[in-house]
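Here the structure is a predicted model, which means the values were calculated and not measured.
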Amino acid sequence: MKILSLFLLAAVAVEGHYTFPRLVVNGKTVEDRDWLFTRQTKNAQSKSGIENPTSGDIRCYSSTTAPQIATVPAGASVNYISTQQINHPGPTQYYLARVPAGSSAKTWDGSGSVWWKFASTMPYYDANKQLVWPAQNTYATHPAVIPANTPSGEYLLRVEQIALHMASQANKAQFYISCSQINITNGGNGTPGPTVSLPGAYRSNDPGIQVNIYNLQPDAYRAPGPAPWQG
């Protein structure tokens with residue numbers, strides 16, 4: 001019986017893999033095909049997540065840049081279409097990194113202490129007293145609003161959903177990531193921060209990464225990374 005349970009858990013884990021190939025802005029899918037503004041990830045075929053949060057893949061997990069740049073107004077809502085149901089519990093977080101002067105979002109690699117978080121979801125109990133996160137068991141990530149005071153310019157937009165169903169073990173949290181090339185318009189004069197490097201912002205034993213969610217109160221969860229900047 002124990003062997004059967006382990007087999008079923010493994011099967012569910014495989015079926016639960018996903019990627020985020022299409023950007024949604026203000027409720028509308030802006031990519032009419034996969035990976036138009038969003039950089040194709042290395043797991044485009046396998047759908048498997050990253051388990052080592054100190055790996056270089058934790059930045060964008062991309063295998064190539066995208067051909068185009070999406071125009072996104074400051075203050076817009078953004079999220080992503082998922083290739084499969086997001087059935088693993090865990091937070092969804094959004095980051096931005098501004099492209100340096102003289103570079104292009106089509107080619108810039110996002111290196112350095114340039115990433116700042118602007119949204120992170122928190123868990124709650126469902127009707128069955130199970131710990132769940134917003135947009136769990138749906139086919140799109142939970143939306144987040146780009147702060148209206150974000151300066152105009154080209155950026156890399158990064159989403160991550162951290163699957164925590166096996167995260168009580170070291171390096172068993174799974175990171176599902178995408179980065180899109182965007183140009184923010186009608187922005188403000190804010191100073192986003194704090195900024196972090198990816199990799200560099202996360203450690204394997206961070207309490208939001210190695211955590212037993214089956215013995216956790218919703219308000220006790222602390223997502224990894226810096227506090228969100230909200231403008």
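No donor-acceptor distance shorter than 3.5 angstrom exists from the side chain of Glu154 to the backbone of Ile182, with no hydrogens or angles considered. Looking at Arg203, its side chain never comes within 3.5 Å of a backbone N or O of Gly200 through a donor-acceptor pair. The main-chain N or O of Trp108 is never found under 3.5 Å from a side-chain atom of Ser103 such that the two would form a donor-acceptor pair.
Considering only residues two or more places apart in sequence or on other chains, Glu31 meets the side-chain hydrogen bond (donor to acceptor under 3.5 Å, both in side chains) condition with Thr38.
Ile86 and Tyr94 fall within the same hydrophobic cluster, where Ile, Leu, Val, Met, Phe, Trp and Tyr residues are linked whenever their side-chain heavy atoms come under 4.5 Å apart, directly or through other members. The hydrophobic cluster containing Ile58 also contains Val211, counting ILVMFWY residues as joined when their side-chain heavy atoms lie under 4.5 angstrom apart, directly or transitively. Tyr155 and Val114 fall into different hydrophobic clusters, where Ile, Leu, Val, Met, Phe, Trp and Tyr side chains are chained together by heavy-atom contacts under 4.5 Å. Following chains of ILVMFWY side-chain contacts shorter than 4.5 Å, one can reach Val159 starting from Leu96, so the two form part of one hydrophobic cluster. Grouping the Ile, Leu, Val, Met, Phe, Trp and Tyr side chains by contacts below 4.5 angstrom, directly or via other members, places Tyr61 with Leu156.
Note: Trp229 and Trp116 have perpendicular aromatic rings, judged against thresholds of 30 and 60 degrees for the angle between ring planes. Relative ring orientation between His17 and Tyr176 is described as tilted, the plane-to-plane angle lying within the 30° to 60° band.
A 4.5 Å side-chain heavy-atom check between Ile209 and Tyr202 finds at least one atom pair inside the cut-off.
Atoms CG and OH, from Leu157 and Tyr95 in turn, are 12.5 Å apart once rounded to the nearest 0.5 Å. The CG atom of Asp219 sits 8.5 Å away from the CG atom of Leu216 when rounded to the nearest 0.5 Å. Separating the NZ atom in Lys28 from the CG atom in Leu23 is a distance of 12.0 Å, to the nearest 0.5 Å. Note that NE2 of His88 and CD of Gln136 are 9.5 Å apart. Values are rounded to the nearest 0.5 Å. Rounded to the nearest 0.5 angstrom, Ser178 OG and Ile81 CD1 are separated by 11.5 Å.
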Could you go step by step and tell me if Ser180 and Arg158 meet the side-chain contact (heavy atoms from CB on, under 4.5 Å) rule? CA-CA 7 Å; Ser180 298; Arg158 176 183 180 273; over 6 Å; no

Show me the donor-acceptor pairs within less than 3.5 Å that the side chains of residues 188-199 make with the rest of the protein, sequence neighbours left out.
{"unit_1": "Thr195", "atom_1": "OG1", "unit_2": "Ser113", "atom_2": "O", "d": "3.2"}
{"unit_1": "Thr195", "atom_1": "OG1", "unit_2": "Ser113", "atom_2": "OG", "d": "3.4"}
{"unit_1": "Ser197", "atom_1": "OG", "unit_2": "Gly112", "atom_2": "O", "d": "3.4"}
{"unit_1": "Ser197", "atom_1": "OG", "unit_2": "Ser113", "atom_2": "N", "d": "3.2"}

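Side-chain contact, Asn43 with Ser48: no donor N or O sits under 3.5 Å from an acceptor N or O. Side-chain contact, Tyr80 with Gln161: no donor N or O sits under 3.5 Å from an acceptor N or O. Side-chain contact, Lys117 with Gln93: a donor N or O sits under 3.5 Å from an acceptor N or O.
Counting heavy atoms of neighbouring residues, nucleotides and ligands inside a 6.0 Å radius, atom NZ of Lys172 does not exceed 12 of them.
In this structure, Phe20 has its ring center no closer than 6.0 Å to that of Trp35.
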